[in-house]
There are 2 protein chains.
Amino acid sequence: MNIGEISKASGVSTKMIRYYEQIELIAPARRTESSYRMYSDSDVHTLRFIRGARDLGFSVEQMKTLLALWKDRSRASSDVKALALGHIAELERKAAAIEAMTKTLKHLVNNCHGDGRPDCPIIDGISKPVADDGHTLPSKFGLTHLV
Amino acid sequence: MNIGEISKASGVSTKMIRYYEQIELIAPARRTESSYRMYSDSDVHTLRFIRGARDLGFSVEQMKTLLALWKDRSRASSDVKALALGHIAELERKAAAIEAMTKTLKHLVNNCHGDGRPDCPIIDGISKPVADDGHTLPSKFGLTHLV
DNA sequence: TATAATCCTTCCCATGGTGGGAAGGTCAAG
DNA sequence: CTTGACCTTCCCACCATGGGAAGGATTATA
């Protein structure tokens, strides 16, 4: 199987397969004489696992751990469970942040008549006061690093 | 006011203030003879507005529009409302994606005894089948571009 | 078999917001 | 006049992903 074929079989783009190899998430593929990457059926399993893990929101770092646990037949299921629970907690933290934004926005929207007039509680409600101690909460708690 | 002072007054880091100037979200600041940036009280309002918008999850592009609407005293509030509603829809889409992940993960976790034994439904449940037509859904629907 | 189409390779670049830090200039307080 | 706290610009890193160019390999069709 070459990289295009395993890409279709696994649902992982060729770009990402090469990237995963580069960052050592997966082992370097064997090569043909003309340096084409060659894959086996078990590589398909690995990439499907990776695809599934990504779809569940695990980071590359977490996937490294997951793959190690996956391949370790003597792993303790409690280790896997702990990782999964940690990830769930993170997802819930992010969901809560999003929900807080949504709630505030909906509140503003509900108070905006939304017609041709310029008066708008949304615009007026966006500005945010700074804490008294001037202690600037890092903006990174916006959306960028949220998920 | 120099950049450090307005940073404290607005809750936007000096790094980000310079960045916002560079990408033309805000107008270039006037400079002292020694090329220090100088700010006025109205700049504080602008940056607090930006800070609030970021905290509500608006992107820089959306903020450009919001700032234009903010400064346009003859804007129609319906324009603002439409932007806000679009953003709410996006946030809800993201929340739904996160919730789907959480739901799946919780289901897997609930079926994992999580003891010293290697048997683990989480590991077994991660791998994801590919659609029959081999049509690979773009992985970008993972978490990276989700929020 | 010749040629075209489709693949593969590597390499560099862009994204979006944010922070880190270096090298050097400036300003204010002691 | 020194010291420390600021400011300036410039480059780098993050994370995961895609785009595309330049050139070689393979495959399919005429």
Side-chain angles (χ1 to χ4, degrees), chain A residues 1-26 28-39 47 50-51 53-64 87 90 94 97 134 136-147, chain B residues 1-26 28-39 47 50-51 53-64 87 90 94 97 134 136-147:
Chain A
M1 226 180 313
N2 65 25
I3 200 173
E5 289 164 333
I6 202 181
S7 171
K8 278 179 193 160
S10 67
V12 179
S13 72
T14 59
K15 282 276 185 189
M16 292 314 299
I17 295 173
R18 294 193 194 98
Y19 171 71
Y20 290 151
E21 180 180 313
Q22 186 198 316
I23 63 171
E24 297 183 279
L25 177 65
I26 59 181
R30 278 186 296 274
R31 305 292 188 114
T32 65
E33 287 179 359
S34 49
S35 69
Y36 279 27
R37 287 176 179 79
M38 296 291 297
Y39 297 93
L47 283 175
I50 288 172
R51 174 68 205 276
R54 284 298 297 146
D55 286 352
L56 288 174
F58 287 102
S59 70
V60 165
E61 274 313 302
Q62 287 172 317
M63 287 197 295
K64 282 187 184 174
H87 185 45
E90 177 128 349
K94 290 165 184 173
T136 301
L137 294 168
S139 292
K140 83 159 79 162
F141 294 144
L143 259 195
T144 301
H145 292 256
L146 198 58
V147 174
Chain B
M1 226 179 314
N2 65 24
I3 199 172
E5 289 164 334
I6 203 181
S7 171
K8 278 179 192 160
S10 65
V12 179
S13 72
T14 60
K15 283 278 186 189
M16 292 316 297
I17 295 173
R18 294 192 193 99
Y19 173 70
Y20 291 150
E21 179 180 314
Q22 186 199 317
I23 63 173
E24 298 182 278
L25 177 65
I26 58 180
R30 277 187 298 274
R31 305 294 187 112
T32 64
E33 285 179 1
S34 50
S35 70
Y36 278 27
R37 288 174 179 80
M38 294 292 296
Y39 297 93
L47 283 174
I50 287 172
R51 176 64 205 277
R54 284 299 297 148
D55 286 352
L56 288 174
F58 287 101
S59 70
V60 166
E61 275 313 304
Q62 289 172 317
M63 287 197 294
K64 284 187 182 173
H87 184 44
E90 177 127 349
K94 290 164 185 173
T136 300
L137 295 169
S139 293
K140 81 160 79 165
F141 294 145
L143 260 196
T144 302
H145 292 257
L146 198 56
V147 172

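In what follows, chains are A, B, ... by sequence order, proteins preceding strands, each numbered from 1.
The A/Lys15 side chain lies nearest to C/dC11 when the options are C/dT18, C/dG19, C/dC11. The side chain of A/Asn2 lies closest to C/dC7, out of C/dG21, D/dG18, C/dC7.
Scored by the side chain to side chain donor-acceptor pair (under 3.5 Å) test, B/Thr32 finds B/Ser34 as partners (sequence neighbours excluded). Residues forming a salt bridge (charged side-chain N to carboxylate O under 4.0 Å, His left out) with B/Glu24 (at least two apart in sequence, or on another chain): none. Looking at residues two or more places apart in sequence or on another chain, you find a side chain to side chain donor-acceptor pair (under 3.5 Å) between A/Glu21 and A/Arg37. With sequence neighbours excluded, the residues that form a salt bridge (charged side-chain N to carboxylate O under 4.0 Å, His left out) with A/Lys64 are A/Glu61. Qualifying side chain to side chain donor-acceptor pair (under 3.5 Å) partners for A/Ser35, counting only residues two or more places apart in sequence or in other chains: none.
Across the protein-nucleic acid pair, A/Met16 atom CE and C/dT15 atom P stand 18 Å apart, rounded to whole Å. For the pair B/Arg54 CZ and C/dG19 P, the computed distance is 10 Å after rounding to whole Å. Note: NZ (A/Lys8) to P (C/dC8) measures 8 Å, nearest angstrom. Here C/dT18 presents its P atom at 9 Å from CG of B/Asp55, a figure rounded to the nearest Å. Between the CD1 atom of A/Ile3 and the P atom of D/dG18 there is a distance of 13 Å, rounded to whole Å. The nearest whole Å value for the distance from the CD atom in A/Gln22 to the P atom in D/dG18 is 15 Å. Taking atom OH of residue A/Tyr19 and atom C1' of nucleotide D/dG19, one finds them 16 Å apart after rounding to whole Å. The separation between B/Leu56 atom CG and C/dG17 atom C1' is 17 Å, rounded to whole Å.
A close approach under 4.0 Å does not occur between any side-chain nitrogen or oxygen of A/Thr14 and OP1 or OP2 of C/dC8. Here A/Ser35 does not reach the OP1 or OP2 of D/dG24: none of its side-chain N or O atoms lies under 4.0 Å away. At least one side-chain nitrogen or oxygen of A/Tyr20 sits closer than 4.0 Å to the OP1 or OP2 atom of D/dT17. Between A/Arg18 and D/dA16, a side-chain N or O to OP1/OP2 separation shorter than 4.0 Å is absent. Of the side-chain N and O atoms in B/Arg37, none sit less than 4.0 angstrom from OP1 or OP2 of D/dC7. Taking only side-chain nitrogens and oxygens, B/Arg31 never comes nearer than 4.0 Å to OP1 or OP2 of C/dT26.
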Using atom names, set out every protein N or O paired with an N or O of nucleotides 27-30 of chain C below 3.5 Å, distance rounded to 0.1 Å.
from, atom 1, to, atom 2, distance (Å)
C/dC27, OP1, B/Ser34, OG, 2.7

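The two atoms that bring A/Ser7 and A/Ser13 nearest to each other are OG-CA, 3.6 Å, heavy atoms only.
With rounding to the nearest 0.5 Å, the separation of CD1 in B/Ile17 from CZ in B/Arg51 is 11.0 Å.
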